[in-house]
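Working notes for the structure below.
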Amino acid sequence: MMGLTKKDFTLLIIVACLAIFAPFILNPFPEGSAMAQFNAGYPDLMQRLVIFGIFAIGFNILFGLTGYLSFGHAAFLGVGSYAAIWMMKLLTMNVIPAIIVSVAVAGLFSLLVGWISLRRSGIYFSILTLAFAQMSYALAYSVLTPITGGETGLQPKYTDPRILDGALEPGQTPRANLFGLDMKQSFELEVADWVFTFNAGYYVAAAVMLIAFYLSIRIFRSPFGLMLRAVKSNQQRLNYTGLNSKPYTLAAFVISGMYAGLAGGLLVAMDTQVGAERMFWTASGEVVLMTILGGAGTLIGPILGAGFIKYFENIVSKINESILHQWFAFMPDGIEDFLVAIVYPFIGKGWHLTLGIIFMLVVIFLPGGLVEGGQRVARLFKRKKPADDKPDGKTTPAE
């Protein structure tokens, strides 16, 4: 169905259900309860979950299939964002042209970077991509300030000459929209002690993410995807057969860059401002962590990795010392203070420490990432099942 096998189509449906019902799934605790701070069902975070999911899906097409590790993909994310913001300043606040142009510009830029970087492989390729990303960041931060806004960044203003939109009143704030539908428009549903928020911008981003995920499945299962796997397996042997692998790796690099540009354009569509820090090397490292943590080379792994890291960044990082004292308030004072002193370094500002430990454990014990962890748990249940079942489902009387 839709050119997919039954297994892949089932996976696509599962991802679609998770995206559609995310406001419910990410809000498991009632408002006002002690556990409500673990709820993640608010628009800003949900948008980031799916947008960085797209970013990681694209990176996985390059790294997961070919084995080429790029440390500079944030450059394409930033270029896509700048292209989108300029479309909003010059043409219209409708997000469709902004997203299309962000993908196209990121694709052209990645073609240039890939054409140069893929002349080398291994660590030299990685360093070349890192150099391009840092040069892009430096240019955006200083030399190209008239185009990028430099340190202050860019955002639409009511004075911008939008060709397709009407003039705004002085002081009016331009708002991103989809044919008039405001991206920040939300509907709240109150059920008992729960409040579920359905945001227009989130569902636009989720729809784009589902399309991006579907395309990645088609790439993984195509002859092109098989060729990329052959590159990862043994590129030298592939070259000995007479096949030139360069066009395939370059195509994978460009597709991956276009995914990053798409994510950059969506970030602007959801929050109409962009700065040079989006191209900093830490942003490139983050997508590497997302992909490896979720499972490089798997279909759903990058989405899981992106969701895991963004959840930690936005939820766990906000747990402070006073919240810990509330959690352990039922204990005697000495034990309460002791537990807070033990736990506090790993949460709040120390969330990077916890993430680092988790990443280290995953790399050592689960090289396939969270997906491998899920597969191991599934196999564990499958082994137990035959032992628990009686033959043919019938009991045999004792003789």
Side-chain angles (χ1 to χ4, degrees), residues 7-8 10-22 24-28 38-41 45-67 69-70 73 206 209-210 212-214 216-217 219-221 225 229 232 256 259-260 263 282-317 346-347 351-384:
K7 184 179 178 183
D8 290 337
T10 304
L11 183 62
L12 180 64
I13 294 297
I14 291 172
V15 174
C17 290
L18 290 174
I20 292 170
F21 297 107
F24 297 104
I25 297 169
L26 296 175
N27 261 350
F38 289 107
N39 287 341
L45 179 53
M46 290 194 298
Q47 289 167 5
R48 287 183 171 275
L49 292 179
V50 295
I51 291 172
F52 280 90
I54 294 171
F55 190 20
I57 289 171
F59 183 79
N60 190 42
I61 291 174
L62 177 68
F63 177 58
L65 287 181
T66 69
L69 177 57
S70 167
H73 260 49
M209 188 270 285
L210 288 175
F213 184 60
Y214 169 74
S216 79
I217 297 176
I219 290 172
F220 267 65
R221 305 304 184 213
R229 284 195 180 88
K232 183 179 182 180
S256 182
Y259 267 78
T282 52
S284 297
E286 193 177 55
V287 74
V288 176
L289 290 180
M290 289 173 180
T291 308
I292 295 175
L293 190 63
T298 63
L299 287 169
I300 199 173
I303 300 175
L304 296 177
F308 190 88
I309 289 181
K310 285 300 164 187
Y311 184 86
F312 256 71
E313 181 183 335
N314 289 273
I315 302 297
V316 178
S317 65
F346 296 94
I347 59 173
W351 72 275
H352 282 102
L353 177 59
T354 307
L355 183 64
I357 293 172
I358 293 173
F359 184 74
M360 187 178 65
L361 293 174
V362 166
V363 170
I364 293 173
F365 298 107
L366 296 172
L370 298 176
V371 171
E372 184 181 343
Q375 289 171 343
R376 287 190 186 184
V377 172
R379 283 198 294 269
L380 202 63
F381 282 103
K382 283 181 181 176
R383 284 176 189 166
K384 285 185 176 179

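The chain is numbered in sequence order, starting from 1.
Interatomic distance, Leu304 CG to Leu299 CG, rounded to the nearest 0.5 Å: 11.0 Å. Annotation: the span from Ser284 atom OG to Phe59 atom CZ amounts to 8.5 Å, rounded to 0.5 Å. Rounding to the nearest 0.5 Å places CZ of Phe63 at 6.5 Å from NZ of Lys232. Interatomic distance, Phe220 CZ to Leu65 CG, rounded to the nearest 0.5 Å: 4.0 Å. The CD1 atom of Ile300 sits 9.0 Å away from atom CD1 of Ile57, with the distance rounded to the nearest 0.5 Å. In this structure, CD1 on Ile54 lies 7.0 Å from CE on Met209, to the nearest 0.5 angstrom.
For Leu361, the side-chain contact (heavy atoms from CB on, under 4.5 Å) partners at least two apart in sequence or on another chain are Ile357, Phe365. Listed by chain and number, the residues in a side-chain contact (heavy atoms from CB on, under 4.5 Å) with Ala40 are Leu26, Leu45, Tyr311, Ile315 (sequence neighbours excluded). Residues passing the salt bridge (Lys or Arg N to Asp or Glu O under 4.0 Å) test with Arg229: none are found, sequence neighbours excluded.
Nearest approach of Asn39 to Pro28, heavy atoms of both residues: OD1-CD, 3.1 Å. When all heavy atoms of Tyr259 and Ala212 are compared, the closest pair comes out as OH-O, 2.8 Å. Between Ile61 and Ser216, the closest heavy-atom pair is CD1-CB, 4.3 Å.
Glu313 places none of its side-chain heavy atoms less than 4.5 Å from the side chain of Leu355. Taking the side chain as every heavy atom from C-beta outward, Val316 and Thr354 never approach each other to under 4.5 Å. In this structure, the side chains of Val371 and Leu366 stay at 4.5 Å or more apart for every pair of heavy atoms. His73 has its side chain out of reach of Glu286: every pair of non-hydrogen atoms, C-beta onward, lies at least 4.5 Å apart. The side-chain heavy atoms of Met46 and Ile51, taken from C-beta on, include no pair separated by under 4.5 Å.
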Please output the side-chain donor-acceptor pairs of residues 287-296 that fall under 3.5 Å, not counting sequence neighbours, one pair per line with the distance.
{"unit_1": "Thr291", "atom_1": "OG1", "unit_2": "Val287", "atom_2": "O", "d": "2.9"}

Distance-only donor-acceptor pairs under 3.5 Å for side chains of residues 11-18, two or more places apart:
none

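Electrostatic pairing of Arg379 and Glu372 does not count as a salt bridge here, judged by no charged N lying under 4.0 Å from a carboxylate O.
Formation of a donor-acceptor pair under 3.5 Å by the Ser256 side chain with backbone atoms of Gly58 is found in this model.
In this structure, Phe308 has its ring center closer than 6.0 angstrom to the ring center of Phe312.
For residues 45-64, every residue pair satisfying the side-chain hydrogen bond (donor to acceptor under 3.5 Å, both in side chains) rule, not counting sequence neighbours, is listed here: Gln47-Asn199.
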